[in-house]
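The next block holds one structure in the form of structure tokens; read it before the comments.
Everything numeric here is computed off the predicted structure, so don't read it as measured data. These numbers come from the heavy atoms of this one structure, side chains and all, not from hydrogens, waters or symmetry mates. Just so it is clear: chains get the letters A, B, ... in the order the sequence lines come, proteins before strands, and each one is counted from 1.
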Amino acid sequence: MKKYILTGTLAALLTLGGLSVPALAGPEDVVVENAWSRASIGMNRPGAAYMTIRNTGDEPVTLIGLTTPLAMMPEIHETKTNAEGVSSMSPAGEIAIAPGESIALEPGGLHAMLMRLQEPMTEGDTFPLTLLFDDGGEVTVEVPILGIAARGPED
Amino acid sequence: MQRRAILGYGAAGVGAVALMLFVGWWRVDGPGAPAPVGQRPVTLTEMDFRLTDHEGNAVGPETLIGRPTMAFFGFTYCPDVCPTTLSDISGWLDDLGDEADEMNVVFITVDPERDTVETMAEYVGYFHPAIRGWTGPEEQIARVADGFRATYERVPAESGDYTMNHTASVFLFAASGRFVTMIDYHEPKEFAVPKIRRALEEEMEGAT
């Protein structure tokens, strides 16, 4: 009887511990930090989300896609600015992250482009974004929605 | 005798080096430098275009003369570059405070099809209050871009919509309308703010 209670408590503790590190689900070596996005005006314009994706493991991981209930077509895009100062944006394709390395999704570079929004992105809300990896693993992060004029995760 | 000869050679050597330096300067930075043809925007006084600002006022290059100007191109359906540039500009203006009070700050759309006056009004409302949004007929936008030596291009997106490639630099003009310099996309604040001060100071020199 006593043993059962202890086991139950232990299980509850483990569950709590597991919940507090959501980014460790799926490929257990992928850690997502400083996720943020900007509020949208309505639903017609694409949104963008930013974060740092760190591979803390010993094996390379490859990010192959995104899913989110917020947008029908979430995709990693890359902004490039050429020597003449002209900016363009295109899908980034698959992104390999070497062991111990991280990639930064940040303004003016890689970003999670959220096309075909299903609802407006409202400042103060969050939305779940799931990163899909080539080994079938998934990592889901809650992305905070900051103001339209936000410059970084601290804004 | 021998000493004089050495001195002579020495003087000739110094002269040769000086000549080399002078020729180098002439070719790279001096009057002999190749003009960056078509790269620098023309003076605002030489531009000719008619647009409408986000409050419905008719505007043109003459609207900008008399005060220093910071201008850039973008579109409101732009998810990454344009909000970042607008946020950067808002931050620079906050840093400059009163110094930038007398400055024109203009966001010119390259996507007039979607960016109507009302759309521009709503969009610029989220950023620094000094920022004005300008739109107008496509052929007028083309004239602005031509004067600024800026480019833009409509590109189909996979989502069925389209996006715009465009010059993302921020252009700085003195109160006289003369082009001063530009700030590259996402240039750090430590470089951007002094460049804006240059445009502001040029005005003061001209006024005194």
Note: B:Ala168 and A:Ser87 closest approach over all heavy atoms is CB-OG, 3.3 Å
Between A:His111, A:Met89, A:Met115, A:Met72, the one whose heavy-atom pairs under 4.5 Å with chain B are most numerous
A:His111
Can you say whether B:Phe73 sits under 4.5 Å from chain A via the side chain, the backbone, both, or neither, judging by heavy atoms?
neither
Just give me the residue among A:Thr81, A:Leu114, A:Ile148 that pairs up with chain B most often, heavy atom to heavy atom, under 4.5 Å.
A:Ile148
Heavy-atom contact with chain A under 4.5 Å, split by part of B:Thr163:
side chain
Need one label for B:Tyr185: side chain, backbone, both or neither, based on atoms under 4.5 Å from any heavy atom in chain A.
side chain
Indicate whether the side chain of A:Arg45 and that of B:Thr76 have a donor and an acceptor atom separated by less than 3.5 Å.
yes
Just checking B:Glu138: does its CD atom have more than 12 heavy atoms from other residues, nucleotides or ligands closer to it than 6.0 angstrom?
yes
Reference residue B:Pro79; test side chain to side chain contact (heavy atoms under 4.5 Å, CB included); the match among A:His77, A:Arg38, A:Met113
A:Met113
Considering all heavy atoms of both residues, which atom of A:Glu84 and which atom of B:Thr167 are nearest to each other, and what is their separation?
O-CG2, 4.5 Å
Within a radius of less than 6.0 Å around CG of B:Asp94, do more than 12 heavy atoms belonging to other residues, nucleotides or ligands occur?
yes
State, to 0.1 Å, how close A:Gly108 and B:Asp80 come at their nearest heavy-atom pair, and which atoms those are.
N-OD2, 3.0 Å
Shortest non-hydrogen contact from B:Tyr123 to A:Ile41?
CD1-CD1, 3.4 Å
Most heavy-atom pairs under 4.5 Å with chain B, out of A:Gly85, A:Ala150, A:Ala48, A:Ser90, belong to A:Gly85
